[in-house]
Each structure stands twice: as structure tokens, then as C-alpha cells.
Amino acid sequence: MAQVPQTFFDALAVRTWCGLALESLGRAREEIDAINVYPVADGDTGTNLYLTVESSVAAVEAVFTAYDVGKPSLAVAARAMAHGALIGARGNSGTILAQLLRGMAQVLADDGETAHTDGSGLRDALRRAADSAREAVAHPVEGTVLTVASAAADAAHGAAGDDCGSVARAAYEGARAALAATPRQLAVLERAGVVDAGGRGLLAVLGALVETFTGEAVPAAPGGHARVASASPGAPAADGALLADAEDCADVPEAGGPAFEVIYLLEAEDAAVARLRARLDGLGDSLVIVGGDGLWNVHVHVDDAGAAVEAGVEAGRPYRIRITHFGAGDAHTTGERLPRERVQRAVVAVVPGEGLAGLYGEAGATTVLARPGEPPASGELVEALRRAHAREVVLLPNDAELRHTAAAAAEQARVEGIRVALIPTRSAVQGIAALAVHEPDRRFDEDVVSMTSAAGATRYAEVAVAERQSWTMAGICQAGDVLGLIDGDVAVIGTDVTATAESVLDRMLSAGGELVTLVLGDEAPETIAEHLEARVRESYLAVDTVVYRGGRQGALLLIGVE
């Protein structure tokens with residue numbers, strides 16, 4: 001069914017565009033992944049773009065949900081779109097797309113009182129998007145998504161008419177022509193016989209923009225399996241077609257380069273970010289830093305991942321840190337990176353804080369960070385299951401509310417040929433217990449049974465602060481009360497964090513236990529761990545205690561008793 005066209009660019013148009021862009025990238029994701037050869041042939045550009053836009057959609061839907069009557073302004077919706085992309089940006093392509101959307105939002109939200117804009121405003125927004133994205137990349141390269149974005153903006157400037165539909169269609173056609181020419185501009189694309197993957201993704205997003213304002217879907221871009229046999233060296237594919245079979249280009253090796261991709265969000269001032277940009281530029285390549293107003297998304301390829309993170313710590317507060325190894329064989333004598341071979345088994349875990357992400361990572365797990373109030377979507381979990389690059393994967397959701405999301409992600413991964421076992425862990429402390437008995441050399445079923453048993457034998461609790469008045473199993477709590485939850489239910493309501501935690505711990509150990517695990521959040525009192533450790537030593541003989549720092553994990557304290 002044709003989409004109802006939006007006459008002006010208003011908040012509803014932002015919402016419609018984001019939804020259509022997500023659908024378009026969903027259809028094209030595998031094709032885009034298959035042609036991903038630059039800057040690294042790691043086959044994830046389509047997935048990264050999809051996850052970035054998925055985060056935008058969630059942010060825009062959240063602001064619409066917040067309005068019980070009416071709808072948000074164009075400025076509010078545009079800022080939400082850009083912010084969602086910024087915090088959810090994945091990979092080089094997703095980070096650049098986040099900056100493109102931020103540039104558009106800067107124009108669309110320029111006058112917060114304006115309910116909508118016309119084609120002239122859209123034209124300006126596309127220009128700002130292309131320029132700001134180019135400025136965010138340390139060393140812009142032609143034949144990439146930057147070239148396609150610039151061509152779209154140029155074409156929009158020359159559009160006949162000031163209605164949004166005409167401007168969007170002109171931008172799409174300009175981008176389509178530029179995409180077809182990318183193999184002539186970038187030798188690695190010409191050798192592989194493909195167009196730029198990031199540019200192909202942007203074309204899908206611009207196609208959704210055309211549909212938003214015209215109600216008509218643009219013709220599907222040519223698929224990745226149609227070889228253009230007559231193409232001569234240096235000649236572009238007609239109408240943006242791909243020049244090679246997907247299977248032919250998925251494993252194209254890249255010349256020797258950095259071994260790690262490092263991405264993190266960073267809270268920092270502008271001056272500190274300028275210094276960070278200079279330092280990271282000396283450490284590696286593919287440097288892109290996007291954002292502003294105190295929040296940035298940093299992306300770089302380096303050999304020394306620790307140094308890249310350390311530079312972020314010096315600049316401000318990095319979090320949601322993701323480090324991806326491009327694969328074994330980086331120091332191959334020919335200077336080419338060999339395609340990474342799948343390992344037999346891996347563990348993927350959702351964790352609530354940076355500290356636990358580090359702990360799980362040291363134990364060999366691939367982690368997905370769950371921000372307070374922002375649980376990961378199924379697409380994010382599927383991406384992590386793929387990123388683990390294993391034949392067998394154990395998935396630890398570590399949250400009872402994620403069971404359906406995790407089940408959907410596991411099912412999708414199974415369709416793709418990955419053997420996935422979902423262990424229904426309801427807390428990160430249960431995940432720690434499961435990970436402690438994980439033995440990848442055992443038979444898969446035996447390993448899963450052992451991990452499931454360890455998780456099931458661990459009672460879990462948390463200490464948090466009530467945000468509002470509500471009824472609980474322990475009575476009525478008021479906003480600001482300290483809550484002690486055991487196995488998901490409120491068991492203690494108090495006023496002091498340490499006293500409430502002690503009461504929770506006593507209740508849990510009254511049924512017995514051998515090991516207490518304490519995971520401290522950033523907001524927990526400094527002396528609470530020492531106090532609780534002393535309580536266990538004095539009152540519960542033969543019970544050991546381990547303490548971890550969880551970082552910004554939502555709860556003040558997590559407790560596990562095995």
C-alpha cells in the first residue's frame with residue numbers, strides 16, 4: 001500500500017521517514033553487508049546502518065509517546081532523531097550517518113517555534129548534513145558515503161520547485177548517480193567490483209525520504225547478484241548496480257591496517273575533543289568524531305585499543321565502549337589481513353554497566369551494554385551474536401524483561417546458521433555465576449546445562465531508589481525511598497542504603513549460601529562494600545565475598561548469593 005505523503009517537513013514527517021528508512025535498510029541489509037569492502041572488509045555496514053536508524057526510531061517514538069495530546073514540534077522530533085542516531089551509532093558508516101542526521105536536525109530545529117518547513121528548508125538541511133559529516137571525518141576520502149551525501153545536497157540545490165517531494169527526489173537521483181560512480185573514485189571498490197556500501201545505505205535512507213513526501217516508493221536498487229560482465233575497468237555500474245556477486249566480494253582482504261575498531265560515547269567539552277581528535281589521528285585511521293553539546297560518538301581503527309580508550313578518559317568520560325578485533329592474521333607477511341575464522345563457541349551477555357562489561361569481556365564474552373531505561377533491541381542482540389563469530393553461542397540476557405527480545409534474537413541467529421542456547425538469566429550476578437563454570441572445550445549441551453544450573457542456583461537482589469510512589473510487596477513506597485528487591489520483588493523499604501542492603505543480605509543468607517557477589521554502582525556509598533563484607537565475615541562463617549565495580553548500572557547495588 002502506498003505511503004500517505006507528507007506535504008511539509010514536520011514532526012510526523014520525521015517519524016514517517018525514520019520508520020520507512022528502517023524498513024528500507026532492513027530489506028537491503030544483507031546486500032549492503034555483502035559489498036562492504038571499505039574501509040575494512042568486515043561485512044557489517046548494512047547491519048550497522050540498520051542498528052543506527054533503529055536507535056533513531058526508538059528515540060522519535062519515545063517523544064511521540066510522551067505527548068498525550070497533540071504531537072511534538074519539528075525541533076523536538078528532529079533533535080530526537082539525531083540524538084537516537086548519535087547514541088546508537090555503529091561502525092564507521094553508522095557514525096557518519098549519525099552526523100548527517102545531526103546536521104539536518106541543526107537546520108530543522110533552528111527555529112523551535114516553527115511547526116514545519118518546506119522544500120527550501122529541506123534543501124538547507126541536506127547541505128548542512130553533507131558539510132558537517134565531511135568535517136567530522138579526519139581524512140575525507142572520495143568515492144565513499146561522503147561523496148554520495150555531497151552529490152545529494154548539490155542535486156537538491158538545483159531542484160525545480162520548493163516542495164519537499166521535488167527536493168527529496170532530486171537529492172535521491174543525485175545520490176544514485178554519485179553512487180554508481182564510486183568505483184571510479186576508489187580503487188578498492190573497482191577491484192572488488194562493487195559500489196560503496198555506506199553510500200548504498202544512504203541511498204536507501206534517501207529513498208525513504210522520497211516516499212515520505214510523495215507517497216511513492218522509489219524503484220528497488222539493483223541487487224548484489226547481477227554481474228555486469230561487459231563492464232570495462234574503471235567504468236561505473238549503470239544506475240548504481242553492483243558489479244560482482246555478493247559471494248565474490250564478502251572476503252576481499254584489505255591491505256594491512258589497524259587490528260581494532262574502537263567506538264565509545266564521550267561526555268567532554270569541545271576543547272578536549274579537539275585535543276582528542278589530534279591524538280587519535282596519530283594512533284590510527286578511519287577517525288570519525290561526531291556530536292556536540294557535551295556528548296560525542298568516537299570511532300577509530302587502531303592497533304592499540306587501550307591507548308584509544310585512555311585518550312578518551314583524558315578528554316572526558318567515555319562509556320558504552322565497544323572494541324572489535326578485525327580478526328586473526330593481522331600481521332600476515334604479505335601485508336593482507338586474512339578473513340577471520342569462526343571460533344567454535346562464544347558467550348554473548350547483556351550487562352548493565354561499563355564495569356561489568358569489562359569483567360565479562362576479560363572472561364571472553366561479547367557484551368551488549370544496557371543503559372538505564374534503554375534496554376537493547378533484538379537487532380542489537382542479533383548483531384552481537386554475529387559479532388561473536390562463533391558456530392555455537394550461549395546468550396545471557398541478564399534481565400527478566402529481556403526474555404522475549406533475547407528469544408527473538410536467538411531465533412533470528414539460528415535462521416542464519418548459528419547454534420544458540422538462551423540461558424534465562426534474570427540478573428548480571430546470575431550471568432557471572434554462569435560464566436564462572438563455562439568451559440568451551442566441553443560438549444555444547446553439557447556446557448549449557450552446567451551454566452544454567454549455576455545461574456539457577458544463584459539468588460539475586462538489587463538495591464535501588466524509588467522514583468515515584470507505588471504499591472509493592474512490602475507496602476507503599478514513596479519517591480526517594482531505598483528499595484531492596486529479592487528475585488525481582490520488593491522485600492525491604494528503607495531510608496538508608498547501607499542498612500537496607502544489610503537487611504536484604506541477611507534475608508538472602510538466612511536460606512544458606514557459599515559465595516556472596518556484590519556489584520557496586522557509581523552512586524553507591526563508598527563504605528558499603530566494606531560494611532557488607534564485615535557483616536558476612538562476622539555472621540556467616542565459611543561464606544566468601546567478592547566485590548566488583550559496575551559503573552553506571554542503574555541500581556546502586558547488585559547482590560548475588562550462590
Side-chain angles (χ1 to χ4, degrees), residues 3-25 49 51-89 94-133 136 156 162-165 167-168 171 205-206 208-213 265 267 270 290-297 320 371-375 377 467-468:
Q3 175 69 35
V4 177
Q6 304 293 318
T7 306
F8 296 105
F9 209 155
D10 60 4
L12 185 57
V14 171
R15 185 188 201 183
T16 301
W17 179 33
C18 286
L20 290 173
L22 187 64
E23 292 176 9
S24 181
L25 287 170
L49 289 170
L51 292 172
T52 302
V53 174
E54 185 179 51
S55 184
S56 265
V57 169
V60 172
E61 289 300 320
V63 298
F64 269 85
T65 300
Y67 282 74
D68 295 328
V69 179
K71 64 181 181 182
S73 67
L74 171 61
V76 169
R79 290 193 187 106
M81 170 188 69
H83 181 72
L86 177 67
I87 65 174
T95 308
I96 293 174
L97 178 61
Q99 188 68 359
L100 287 166
L101 296 180
R102 177 179 171 81
M104 291 191 72
Q106 287 173 335
V107 172
L108 298 176
D110 192 41
D111 185 352
E113 301 303 315
T114 301
H116 61 261
T117 190
D118 57 12
S120 177
L122 175 57
R123 182 184 290 117
D124 292 343
L126 290 168
R127 180 77 273 161
R128 177 74 67 83
D131 292 346
S132 62
D162 276 339
D163 63 289
C164 289
V167 173
V205 172
L206 291 173
L209 188 65
V210 174
E211 186 173 357
T212 298
F213 293 119
L265 289 179
E267 293 177 356
D270 291 7
V290 304
D293 303 317
L295 180 63
W296 310 81
N297 191 305
R320 288 189 63 187
R371 291 77 62 192
E374 296 181 45
E467 297 181 355
R468 63 184 69 87

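Along the sequence shown, residues carry numbers from 1. This one's a predicted model, so the numbers in the text were calculated from it and none came from an experiment.
- In this view, E61 and R15 satisfy the side-chain hydrogen bond (donor to acceptor under 3.5 Å, both in side chains) rule, not counting sequence neighbours.
- Partners of D163 according to the side-chain hydrogen bond (donor to acceptor under 3.5 Å, both in side chains) rule, which considers only residues two or more places apart in sequence or in another chain, are S166.
- With rounding to the nearest 0.5 Å, the separation of CZ in R79 from CD in Q106 is 10.0 Å.
- For Q99 (side chain) and G291 (main-chain N/O), a donor-acceptor pair under 3.5 Å exists by modelled atom type.
- Rounding to the nearest 0.5 angstrom, the gap separating the CG atom in L295 from the CD atom in E267 is 6.5 Å.
- Remark: side-chain polar atoms of W17 are paired, donor with acceptor, to backbone N or O of V205 under 3.5 angstrom.
- Of the possible donor and acceptor atoms, none in the side chain of R128 sits under 3.5 Å from a partner among the backbone N and O of G103.
- Put simply, CG on L22 and CG on L51 are 9.0 Å apart, with the number rounded to the nearest 0.5 Å.
- What you find for F213 and L122 is that their closest heavy atoms are CE1-CD2, 4.0 Å.
- Between V14 and L74, some side-chain heavy-atom pair lies under the 4.5 Å cut-off.
- How far OG1 of T212 is from CG of L20: 4.5 Å, rounded to the nearest 0.5 Å.
- Side-chain atoms of V107 and R127, non-hydrogen and from C-beta on, never get closer than 4.5 Å to each other.
- Note that the CG atom of D293 and the NE2 atom of H83 stand 11.0 Å from one another [nearest 0.5 Å].
- Under the 3.5 Å distance criterion, the side-chain polar atoms of S56 are left unmatched by any main-chain donor or acceptor of G84.
- Considering every non-hydrogen atom in both A129 and L100, the closest pair reads CB-O, 3.1 Å.
- Of all non-hydrogen atoms in A136 and V290, the two that sit nearest each other are CB-CG1, 3.7 Å.
- When all heavy atoms of P72 and V63 are compared, the closest pair comes out as CG-CG2, 4.2 Å.
- Closest of all the heavy-atom pairs between C18 and V57 is O-CG2, 3.5 Å.
- If you take CG on L206 and OG on S24, they are separated by 10.0 Å, rounding to the nearest 0.5 Å.
- G119 approaches V167 most closely through the heavy-atom pair O-CG2, 3.6 Å.
- Looking only at distances, a side-chain donor or acceptor of N297 sits under 3.5 Å from a matching main-chain atom of L86.
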